[in-house]
Amino acid sequence: MLIGRSPELQRLGEALARAPSAVLVGGEAGVGKTRLIREFGDRAQSAGARVLLGACLELGADGLPFAPFTTVLRGLVREMGADGVTALLPDSAASGLARLLPDFGEPEPDATSGEARARLFEVVLTLLEGLAEDTPTVLVIEDAHWADRSTRDLLTFLIRNLDGAAALLLVVTYRSDELHRSHPLRPLLAGLERVDRVDRVELSRLSRREVADLVHGILDHEPSAQLVEQVYTRSEGNPLFVEVLLNSEDGGPAGELPESLRDLLLAGVRRLPEDAQELLRVASGGGDHIEHALLAAVSGLDAAALDRTLRPAVAANVLVVEGDRYAFRHALIREAVQDDLLPGEHSRLHARYAEALEGNPTLLPARRLAVELAHHWYRSHDATWALISAWRAAGEARKAAAYAEALEMFSRVLELWDRVPGAAEHIGRELGEVLEDSVSAADLAGDGERGIKLATAALKEIGDPVRAAGLLEQRGRMSLSLNRAEGLEDLREAIRLIPARPPSVVRARALASLAEKTYKFAVSDEAGRIAEEAALAAREAGDAAAEVSALLTLIYLDEEADDEKMLARLDDVALLAERARSYRPVLRVAVNRSHLLEGMGRHQEAIEVARLGVEKARHHGLARVAGTGLAINLADPLVSVGRWDEALAVIEHTLEQGPAPNPRDYLRQLAAEIALARGDLDRADAALAAVSNPAARGAGPRAENHFYTARLEAELHLARGNPHEAISAVQPVIANPGLVDDGRYAWPALVAGARACTEARDADAFAAIEARAAGLAARGPVQRAHRLAFAAEAAEFRRTPSRSAWDAAADAWEALGHPYRLAWALTRAAEAAAAEGHRDGLAPRLRRAAELADGLAAHPLLKRIDEVSRRTRLNVTAGPADAAPLGLTPRELEVLRLVADGRSNRDIAETLFISVKTASVHVSNILSKLNVGARGEAAATAHRLRLFEPDTAQDRRRRVASGKTPATKQAPATGRGTTKTPHKT
């Protein structure tokens, strides 16, 4: 598989399309230049082009001149024969090619070598142009960094003389990492870049996500996140290094660098003086970057000797200077150099580093010092000092909120514990205490699996009930985060172990966790009682974080509170969370606030809250853990407001970070939502098929776990014309009422189910869906909008007038700023109006729907709009003559019709399936647009303009256009040639 090179392939394709042209392709060794060219060549040949390949030899000036051109010419002779090649050239010109290949005889003697060279260059250009006259031709010259002087000159001549109509593309590849300051290719490239028809492409390394795709392609199965991370870290995104690092037999990372790669990496090193090579071996022990002072301390060289020894390595581009430190050009070069060390040399080298740093701690910053010491003592195989330094490093990492790194250091301490006599005395902590610290680090790092195992081990070491309760609380909470219901028993046991008096933080946290998880997993009255007790216990113990958790649970348990009241209470809790000085309550409030705001239809506020939460998570170094949930809450409202490309960017970026399975599933669901709306059914299908979390397939306690996937699968079946399968997909929604967030996720699924019933004409299924809807509350404007859409779908099923119902849904979605659902409702309203024989306002509905759908690239909806337009013989791009009169929207025209009939706001609301408040807003807008002060004046205006009589102004315009009737009776003329207006408007 070719991964991550689509833009470069496109640029090469564009260059061929506009040929004659040239492309200079640069990149470091192993980045995939040859692979890219091979893929492009295959595609070009499939499209009918001729591809000629030649490569420069590493021999350079001491080797064969014009080597790549000789290779190309030899291939042409094999394909066409010498006579066929000669036929493309002027008389006697072929003899010039004898300088490249003996098949063309002996070279003619020339007066001067310069003339012979010029003739050769002209003959080669003429030959290439002759080939390209009938067939587009691509000439590829690879590894131009090894090109001899003659080859470079011929390349320059060809590129600078590209002209005429021949479809000739020259592609030149080179290693950018080989181009040191004095390399002869550097000025050539700089000059060619300024030539017309020349493009320069630099291949970058692959991203983490692209490396994952490449590993997948090589292994032919989904790799683990750990393997991807390890390969990405070691390869730094270099495709060649990714390939050689993978062991094709077991799919794991290769334990050692293959000899071929080591030779490739060490070629530049082995050309250096021996003392420089020895210093590089010393530097290789210092990591990817090493400070000048540290290298001096470890090498034992004085300043002058160190500079003299380093200079050849820097000049050869093996080491690069970065301020006051050095770095190997590539991490694997350092690894290859270090692999040349003998085992004893490895240990002694790391011991020298450790001793130098212990002797002078100022050589490195404090936090980095602890990590470096832990690394070097561990690699030196000194178990005692490795244990001590790992313990120090764990403490420093925890101070820096680097919890994952702290966990790794704690794990090293545990690994070394039995190998160091008197380990507890060396670090001043017992084994049980180290295990407790490890559990906390795992919990904070979001590594629940390891945390559970560590807590189980710690419980065997600890007899104190309070400490044991703390471990049970942590293990229970981590278990529940992994959807393991046994965590509830751990929490209950923790509470049982701790007396209520005196107040304790451990008891408060256990109560708060039990309340939250009981609410989510059991949905019982028990949760409220526990949450009340937790809030009181937390307040008494002075634990703001536990109090925030308990209060959040109480907010969501209050079924009587409306959304505004819940939001106000959340704002109060947010202030408490900020005072808690702990990231968990702050981020949890952000998750809850953005989720609630999105459910309320306040999408922009939800975006702002979620984005700020993501920044806070990143600030705490937890973007891959806590920040993932907020990324979902950011992408969700972006989808709602139609910023789909931005949402996809958030989704892709978050997926690249390798979040836990549950968030990954929700992100895939959002991606599937967009793919469905844009008609990319295969992508939507793949996204849904990748949902691995059992909760998302119906095993979890929340409606979002059940119903989101069910609804998307139903819509996918509908898009493929399978309404019966769509009905089956929504069965979990029908069968599982009363879950947390039921209405939020059930309503859109029921809408899809009702549409499927209409298409399948399945009365039994519709009866079950309608019964489920009848018992479902609609909380907030978004759910009410879905309920209006359901009412419209129900009218469609019953084959009763549904135009007003769809207009009501459109009004609701417009008020919420949801462009896709608005466009959908407008389209369905237009379809219903056409079916009912009402053409008034049909074109404006379709025009608005088309504008919205086009902006979203919602191709299936655009197709449906076009079908309605053709069926009704309307042009949705028509001018304002087809719009509703007096600047009224289609919905306002409907309201004005009812006002003219003498209907009250309540009557209008009931007729149009909207709220009385919405009806009042429409009436106010109508009065303003008509410039009248009362409903009666608005009605009089409508009657005078005969807006709602069978012979409407639109009917008259249509007849005038067809030439069947005069427009109107001619009005009396005035002195200024205008028509009198008999009423004020």
Side-chain angles (χ1 to χ4, degrees), residues 1-47 49 51 53 136 138-145 159 162 167-177 179 189-190 192-218 228 231-232 235-243 330 643-657 671 674-675 678 680 682-683 686-687 857:
M1 298 172 61
L2 181 65
I3 304 296
R5 299 303 185 211
S6 296
E8 291 82 2
L9 277 173
Q10 182 177 349
R11 289 175 67 178
L12 287 168
E14 291 170 351
L16 179 56
R18 66 172 183 267
S21 58
V23 180
L24 311 175
V25 180
E28 66 179 354
V31 82
K33 299 181 295 298
T34 299
R35 178 70 183 86
L36 170 69
I37 296 306
R38 185 166 67 247
E39 180 73 20
F40 169 66
D42 290 343
R43 296 188 183 190
Q45 284 180 322
S46 298
V51 179
L53 294 172
V138 180
L139 171 64
V140 178
I141 304 298
E142 292 198 85
D143 298 323
H145 53 282
I159 292 174
L162 287 172
L168 174 63
L169 170 64
L170 269 62
V171 180
V172 181
T173 73
Y174 60 93
R175 289 186 187 172
S176 54
D177 52 337
L179 304 186
L189 293 173
L192 293 179
E193 261 191 307
R194 295 190 290 270
V195 177
D196 291 338
R197 301 178 181 271
V198 175
D199 190 15
R200 187 166 179 174
V201 175
E202 287 290 332
L203 295 189
S204 61
R205 297 178 182 181
L206 301 180
S207 68
R208 187 187 308 273
R209 182 64 179 275
E210 290 165 345
V211 168
D213 292 340
L214 181 57
V215 174
H216 188 179
I218 294 171
V228 170
V231 172
Y232 177 76
S235 70
E236 297 183 16
N238 185 296
L240 173 64
F241 298 162
V242 171
E243 294 180 16
H330 194 286
R643 291 157 62 179
W644 290 354
D645 292 329
E646 190 175 346
L648 287 172
V650 172
I651 291 167
E652 290 298 318
H653 174 73
T654 310
L655 285 173
E656 285 181 1
Q657 294 179 328
I674 298 171
R678 286 181 165 172
D680 193 343
D682 290 340
R683 185 181 295 273

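- Closest of all the heavy-atom pairs between Ala144 and Val172 is CB-CG1, 3.5 Å.
- Considering only heavy atoms from C-beta on, Arg43 stays 4.5 Å or farther from Ser46 through its side chain.
- The shortest side-chain heavy-atom distance between Leu53 and Leu139 does not fall under the 4.5 Å cut-off.
- Partners of Ala212 by side-chain contact (heavy atoms from CB on, under 4.5 Å), not counting sequence neighbours, listed by chain and number: Val228.
- For Asp680, the side-chain contact (heavy atoms from CB on, under 4.5 Å) partners at least two apart in sequence or on another chain are Ala675, Asp682, Arg683.
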Would you check, one step at a time, whether the test salt bridge (Lys or Arg N to Asp or Glu O under 4.0 Å) holds for Glu28 with Arg175? CA-CA 5 Å; Glu28 66 179 354; Arg175 289 186 187 172; over 6 Å; no

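- Taking all atoms of both residues into account, the shortest heavy-atom contact from Ala19 to Leu169 is CB-N, 4.4 Å.
- Within the model, atoms CZ of Arg5 and CG of Leu203 stand 4.5 Å from one another, a figure rounded to the nearest 0.5 Å.
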His216 and Leu214: CA distance, side-chain angles, deciding distance, side-chain contact (heavy atoms from CB on, under 4.5 Å) verdict: CA-CA 5 Å; His216 188 179; Leu214 181 57; over 6 Å; no

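- By the side-chain contact (heavy atoms from CB on, under 4.5 Å) test, Tyr232 is found to be paired with Arg208, Val211, residues two or more places apart in sequence or in another chain being considered.
- Distance alone, capped at 3.5 Å, is enough to place a donor-acceptor pair between the Ser21 side chain and the Ala15 backbone.
- The minimum heavy-atom distance between Gly30 and Asn238, with the atom names listed, is O-OD1, 2.7 Å.
- For the atom pair Ile3 CD1 and Arg209 CZ, the distance stands at 10.5 Å (nearest 0.5 Å).
- The distance from atom CG of Leu192 to atom CZ of Arg197, rounded to the nearest 0.5 Å, is 15.0 Å.
- Counting heavy atoms from C-beta outward, Val138 and Phe40 have side chains that approach closer than 4.5 Å.
- Under the rule for a salt bridge (charged side-chain N to carboxylate O under 4.0 Å, His left out), the partners of Arg643 that lie at least two apart in sequence or sit in another chain are Glu646.
- For Lys33 (side chain) and Gly27 (main-chain N/O), a donor-acceptor pair under 3.5 Å exists by modelled atom type.
- Closest approach of Arg205 and Glu210 over heavy atoms only: O-OE1, 4.5 Å.
- For Asp213, there are no salt bridge (charged side-chain N to carboxylate O under 4.0 Å, His left out) partners two or more places apart in sequence or in a different chain.
- Residues Leu206 and Pro239 have side chains in contact (heavy-atom distance under 4.5 Å, counting atoms from C-beta outward).
- Taking 4.5 Å as the limit, every side-chain heavy atom of Arg11 sits out of range of all side-chain heavy atoms of Val23.
- Between Thr173 and Ile141, the closest side-chain pair of non-hydrogen atoms is not below 4.5 Å.
- Between Ile674 and Ala647, the closest heavy-atom pair is CD1-CB, 4.2 Å.
- Summarising the geometry of Val242 relative to Ser235, their closest heavy-atom pair is CG2-OG, 3.3 Å, with the distance given to 0.1 Å.
- Leu189 has its side chain within reach of Tyr174: a pair of non-hydrogen atoms, C-beta onward, lies under 4.5 Å apart.
- Arg200 meets the salt bridge (charged side-chain N to carboxylate O under 4.0 Å, His left out) test with Glu193, Glu202; sequence neighbours excluded.
- In this structure, Leu12 and Gln10 have side chains that are not in contact, with every pair of non-hydrogen atoms separated by 4.5 Å or more.
- Here Asp177 pairs with Arg329 under the salt bridge (charged side-chain N to carboxylate O under 4.0 Å, His left out) rule; sequence neighbours left out.
- In this structure Arg38 satisfies the side-chain contact (heavy atoms from CB on, under 4.5 Å) test together with Thr34, Arg35, Asp42, sequence neighbours excluded.
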